[in-house]
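The structure that follows is given in the form of structure tokens.
Numbered from 1 within each chain, the chains take letters A, B, ... in sequence-line order.
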Amino acid sequence: MELTIRRLSVAIRGEPILHEASLTVADGGFLSLLGPSGCGKSTLLKAVAGILPARSGQVLLGGRDITGLPAHRRGAVIVFQDMRLFPHLTAAENVAYPLALRGVGRRQRGARAEALLERVQLGGLGGRHIAALSGGQQQRVALARALAAQPRLLLLDEPFSSLDEDLREDMRRLVLDLHREYAMTTVLVTHDQQEALSLSGQVALMFDGRIVQQGTPETVYGRPVSRRAADYFGGCAYLRGRVRDGRFTSPCLSCPADLPAGDYDLLLRPRDVDPFRPGPLGLRLEECRFRGADVLTRWAAADGTAVELPLAQRPPWPPGHALSCHVSLDQAVFFPAGEEGRP
Amino acid sequence: MRKRSTGFLLLLPLAAITLLVLAACAHVVAQGLGVVPAFGLEEPTIAYFAAVLTDGDFLASLSVSLRIAALSALLSAVLGTALCAALAAWRRRWALYLVRLPILVPHAVVALFTITLFSQTGLLARLAWAMGLIGEAGDFPQLLYTPQGWGVVLAYLWKEIPFVAYFTLALMVSVSATLGEAAENLGASPLRSFFTVTLPLSLPAIAKAGLIIFLFAFGGYELPLLLGATVPKALPVAAYQAYLDPELTRRPYAMAMFSVILLLSVAMAGLWGLAARGLERRLEGGRP
Amino acid sequence: MRRRPFSRLVLALTATAILLPALVLVVWSLAGRWPWPELLPERWSLRTARELFFGSASLPRLLLSSTLLAGGTALLSTAAALLTARAAALYPIPGKGLVRFCGLLPLLIPGTVFAMGIHLTLLRLGLTDTAAGVLLVHVVAAAPYAMAIMEDVTAAVGGGLEEQAAVLGAPPLRAFCSASLPQLLPGILSSMSMAFTISYSQYFSTLIVGGGRVRTLALVLVPYIQGGDRSLASVYAVAFTAWALAVFFLFECLIRRREKGGDGTWN
């Protein structure tokens, strides 16, 4: 079901946390809500689910305004970071809980719960108490329980952050599969950039209680709306220059730029720079650090700007070596100079 | 979504209890000030308070009660702390249940314990006779029914030493398991670590238990009734006796006495609150 | 492993001091004649047991009235404490410090003064000399202890599981009963056990508010002690205490069964 959030503001104990946040998730869509910890992501989820009251604004689900509905009548199910499994029930009883709420008969409940546990690869563990399950298994039970509620909207609140890295990848896979299978409108809250970009069709970026950008992963990564948005994904370098008569000129390079005259910073990401192809950007190699999967190289541009490039192998040049390398500028991103100080 | 209005609804029972307590106190103080409409007394006056506070019997009762309360609170706190330290060091579940038993035993039963053990014909006196220490019952020191109130204090100690230990135990276990171990790791002997780290940090709980015992013993009725002296009586016993006086015009004197018990208790709790705040500030590392 | 001679000595002394008087009381209650300076009774007798069951103050009726009163106190004070603790821990209300202070207020007021004052108050309401009036006083006396326990437990359990139940579709009352109540149960039982003990031991408040019409074990025991028949006083005291312990251990069993395991701090 389509989720629309319009200018939603939320305060906790009088302290404003969300400021007029707006976003849309298409029916059956998967959106990642990405932002640093403490930016209000979880608050947004709780307000959508009806646990926290909205100070102003609207939440629409399937076109219906649910802002005033109590949590239990919204059909927006959260899978919490701390899982919140009922410790006095077994795994199967946890999964059967929402079925009982909907009036499903006892026998049918057992069968459905067992089938859902099977689906999250926990077949046969239904009789276990929660304390007897590992963290990853508990996470799967929480997911199966949420599915059992047949949510109109599934809200995942950093569900993988308490797991080890290898388990986390399994769980991401499982969530993707389940999303495809059930075609449920899903919002995933995360502070992990790779997770957000790789899992979902849409990414919404949130800073300080505000949604600053929403779009496809490619757009949010490739066309950041602000320097802070760009920096959040890491690995950014900026070349300071001036635009005059439709051309950007800096001590390091110059290129066409369709911008009003003024001082600008040109965003350079590692994927834009190729030291093995000749081009206009002058760089001097400063140091190489082996990191296992790749080698991180540090370069200095002509104006002293530091540029970090991960390379597949140790480059053939000694430190101090200078070269002129290729820069891809078809999608060049400029920010007005001086934005680095701004939020 | 949790609404503020629902929260206020949930507080109604507490509000009712608080109102009842305040109304009860107000009634006692009002009658102590001579306002007893049922007897046709409407004008407030401090005459009854003045009369009570200058009465020698009352002052003797007051000093008996203060003595009992102070001795019970102080000795329970000191001995209870020692018991607590022993429990924290040698953790046995049976011991935990053992110290909870006296908390369950009603005061009247404790009074009977004290009589069967400490009276001049009690078990201790018989043991003393059997060992040839005394020749007859009268030789055993009179502990009960004396103005010194040792019988009452002994009974309170039996009940309240375990109370202090139980009340302080959780805090002391957690302090000694963390900071106490750290001190021992730095080279402090167990005794030194206890007196320099564990004890000071457990002090807030011990002091709070001490206050509760003081207030309880100061206002308590059964134990001084059953184990205390006839002259002078402890304050609550004297006040209740004044209340029972068939001469109804004596009623405001009784209420003035109850009011003094109330006001002194509240003053004591207030003083304690100030002292506790100072102590906490010192413990949390603020400047004195 | 240290041998801890000090701790063992203290605990041994404590155990003796706690258990010896109880033993002496049992002996006294079975003593037919125990003159000074004998260390053991001269003659044993079941006279007191006959008096206990068939005398003027018959035990079963006293136990019943004491237990009903204490049970009612346990239920009501724990319910009041639970509501208060939930309001303070989970609802956005102002003045939480005041709520906590009001909860502990009855502890600061001496029990005798409070009983006296509430007697004067109930006189106006026409509730003196009734079981309802006595119940009310006992509830107030037990409330601070119940509040302290329920405040801790409610804060520890928090509102998370109820939120989860709500988003899964449970209406508020069902969410509380199915998600939070099972976790709160050990605390609720502790609070009830505590409140039971407080009510069961009340003497002065029962005397003054009940006006002698409401007869409990505590009320009957005091005149027996004053009367000087040590055997008779002892048999009532033993019955009184034994019942208190029985109820306490019943609660403990229920709590232990709910909690399972243990924290490993005690062995």
Above 12 or not: heavy atoms from other molecules or residues under 6.0 Å from CZ of C/Phe251?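 Atom CZ in C/Phe251 is crowded, with more than 12 foreign heavy atoms closer than 6.0 Å.
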Part of C/Leu105 lying under 4.5 Å from any heavy atom of chain B: side chain
Region of B/Ala239 in contact with chain C, defined by heavy-atom distances below 4.5 Å: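 For B/Ala239, there is no contact with chain C at all, as no heavy atom is under 4.5 Å.
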Under 4.5 Å from any heavy atom of chain C - which part of B/Ala95: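 Only the side chain of B/Ala95 comes within 4.5 Å of chain C.
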Is it the side chain or the backbone of C/Trp28 that comes within 4.5 Å of chain B heavy atoms, both, or neither?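 Only the side chain of C/Trp28 comes within 4.5 Å of chain B.
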Just checking B/Trp129: does its CH2 atom have more than 12 heavy atoms from other residues, nucleotides or ligands closer to it than 6.0 angstrom? no
Contact part of B/Leu117 toward chain C, heavy-atom cut-off under 4.5 Å: side chain, backbone, both or neither? side chain
Considering only heavy atoms from C-beta outward, does the side chain of C/Leu123 approach that of B/His27 to under 4.5 Å? no
CZ/B/Arg100 to CG/C/Leu245 distance, rounded to the nearest 0.5 angstrom? 11.5 Å
Please report the closest heavy-atom contact between C/Ile225 and B/Ala108, naming both atoms and the distance. CD1-O, 3.2 Å
Chain B contact via C/Val99 - which portion, at a heavy-atom distance below 4.5 Å: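 Answer is both: backbone and side chain atoms of C/Val99 are under 4.5 Å from chain B.
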Looking at chain C, which one of B/Leu14, B/Val28, B/Thr18 has the largest number of heavy-atom pairs inside 4.5 Å, strictly under?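 Ranked by heavy-atom pairs under 4.5 Å with chain C, first place is B/Leu14.
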Checking C/Ala80 against chain B: side chain, backbone, both or neither under 4.5 Å from a heavy atom? both
Most contacts with chain C, counted as non-hydrogen pairs under 4.5 angstrom, among B/Ala137, B/Pro236, B/Ala269: B/Ala137
Taking the side chain as everything from C-beta on, heavy atoms only, tell me whether C/Leu19 gets closer than 4.5 Å to B/Leu98. yes
With chain C, which of B/Leu112, B/Val29, B/Leu215 has the greatest number of heavy-atom pairs at distances under 4.5 Å?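 Ranked by contacts with chain C, first place is B/Leu112.
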Main-chain N/O of C/Glu38 paired to B/Arg126 side chain as donor or acceptor, under 3.5 Å: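 Judged by distance alone, yes, a pair lies under 3.5 Å.
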Toward chain B, the part of C/Glu163 with a non-hydrogen atom under 4.5 Å: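 Neither part; nothing is under 4.5 Å.
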Step by step, work out the side chain to side chain contact (heavy atoms under 4.5 Å, CB included) result for C/Ile93 and B/Leu10. CA-CA 11 Å; C/Ile93 51 162; B/Leu10 295 178; over 6 Å; no
For atom CH2 of C/Trp243, decide whether the heavy atoms of other residues, nucleotides or ligands shown that lie under 6.0 angstrom number more than 12. no
On the 0 to 90° scale, with breaks at 30° and 60°, tag the C/Phe249-B/Tyr97 ring pair as parallel, tilted or perpendicular.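 It falls in the tilted class, 30° to 60°.
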Sort C/Leu9 into side chain, backbone, both or neither according to what part of it lies under 4.5 angstrom from a heavy atom of chain B.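 For C/Leu9, neither part sits under 4.5 Å from chain B.
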Passes side chain to side chain contact (heavy atoms under 4.5 Å, CB included), B/Val266 versus C/Leu108? Steps please. CA-CA 6 Å; B/Val266 170; C/Leu108 300 185; 5.6 Å; no
Between C/Leu221 and chain B, which part of the residue has a heavy atom less than 4.5 Å away: side chain, backbone, both or neither?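 The answer is the side chain of C/Leu221.
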I need the minimum non-hydrogen distance between B/Gln120 and C/Trp36, along with the two atoms involved. O-CZ3, 3.6 Å
Roughly how far, to the nearest 0.5 Å, is the OG1 atom of B/Thr121 from the CH2 atom of C/Trp34? 10.0 Å
Option in B/Ile103, B/Leu20, B/Leu101 with maximal non-hydrogen atom pairs under 4.5 Å from chain C: B/Leu20
So what's closer than 4.5 Å to chain C heavy atoms on B/Ser119: side chain, backbone, both or neither?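 Looking at B/Ser119, just its side chain touches chain C.
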Rounded to the nearest 0.5 Å, how far does OG1 of C/Thr14 lie from CH2 of B/Trp158? 11.5 Å
Could you check if a side-chain atom of B/Leu191 sits within less than 4.5 angstrom of a side-chain atom of C/Phe6, using non-hydrogen atoms only? no
Against chain C, work out which of B/Ala38, B/Ala254, B/Gly220, B/Ser265 has the most heavy-atom pairs shorter than 4.5 Å and name it. B/Ser265
Given heavy-atom pairs under 4.5 angstrom as the criterion, report whether the side chain, backbone, both or neither of B/Ile261 touches chain C. both
Closest non-hydrogen atom pair between B/Ile17 and C/Pro106, with its separation: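 That would be CG2-CG, 4.4 Å.
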Okay, C/Tyr203 and chain B: the region with an atom under 4.5 Å from a heavy atom over there is both
Selection from C/Pro92, C/Gly103, C/Ala166 maximising heavy-atom pairs under 4.5 Å formed with chain B: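 Most heavy-atom pairs within the cutoff with chain B belong to C/Pro92.
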Return the orientation label for the C/Phe204 and B/Phe258 ring planes: parallel under 30°, perpendicular over 60°, tilted otherwise. tilted
At a 4.5 Å cut-off on heavy atoms, which part of C/Val24 comes close to chain B: side chain, backbone, both, or neither?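 Just the side chain, heavy atoms under 4.5 Å.
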Cut-off 4.5 Å, heavy atoms of chain C, and the answer for B/Gln31 is side chain
Looking at chain C, which one of B/Ala125, B/Ala85, B/Ala26 has the largest number of heavy-atom pairs inside 4.5 Å, strictly under?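 Heavy-atom pair counts peak at B/Ala125.
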Which bit of C/Phe114 is near chain B, if near means a heavy-atom gap under 4.5 Å: side chain, backbone, both or neither? both
Which answer fits C/Thr197, side chain, backbone, both or neither, if we ask what part of it has an atom under 4.5 Å from a heavy atom of chain B?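 Contact with chain B involves the side chain of C/Thr197 alone.
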Can you find a pair of side-chain heavy atoms, one from C/Leu11 and one from B/Arg92, that are under 4.5 Å apart? no
Contacting moiety of B/Ile161, where chain C heavy atoms sit under 4.5 Å: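 Neither the backbone nor the side chain of B/Ile161 comes within 4.5 Å of chain C.
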Please determine, among C/Thr241, C/Leu25, C/Leu13, C/Ile118, the option with the most heavy-atom pairs under 4.5 Å with chain B. C/Leu25
Mind running side chain to side chain contact (heavy atoms under 4.5 Å, CB included) on B/Leu262 and C/Met116 for me, showing each step along the way? CA-CA 11 Å; B/Leu262 172 68; C/Met116 197 67 240; over 6 Å; no
Inter-residue atom distance C/Leu90.CG - B/Thr6.OG1, 0.5 Å rounding: 11.5 Å
Looking only at heavy atoms and a cut-off of under 4.5 Å, which of C/Ala143, C/Gly111, C/Ala17 has the most pairs with chain B? C/Ala17
Can you say whether B/Met257 sits under 4.5 Å from chain C via the side chain, the backbone, both, or neither, judging by heavy atoms? neither
Sort B/Leu244 into side chain, backbone, both or neither according to what part of it lies under 4.5 angstrom from a heavy atom of chain C. neither
Distance, nearest 0.5 Å, that separates CG of B/Leu11 from CG of C/Leu83: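 CG of C/Leu83 is found 9.0 Å from CG of B/Leu11.
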Would you say that B/Phe8 contacts C/Pro94 through its side chain, given a criterion of any heavy-atom pair below 4.5 Å between the two side chains?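 A side-chain contact under 4.5 Å exists here.
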With a 4.5 angstrom heavy-atom cut-off, is it the side chain or the backbone of C/Ile18 that approaches chain B, or both, or neither? both
Could you tell me which portion of C/Pro35 (side chain, backbone, both or neither) has an atom closer than 4.5 angstrom to a non-hydrogen atom of chain B?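 When you check distances to chain B, only backbone atoms of C/Pro35 fall under 4.5 Å.
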Under 4.5 Å from any heavy atom of chain B, what part of C/Ser234 do you find: side chain, backbone, both or neither?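 It is both, since atoms from each part get that close.
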Testing the basics here: between C/Arg230 and B/Thr116, what is the closest heavy-atom pair and its distance to 0.1 Å? CD-CG2, 4.3 Å
What part of B/Phe218 gets within 4.5 angstrom of chain C, counting heavy atoms only: side chain, backbone, both, or neither?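 Neither part.
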Hey, what do you get for CG (B/Leu22) to CD1 (C/Ile109), rounding to the nearest 0.5 Å? 7.5 Å
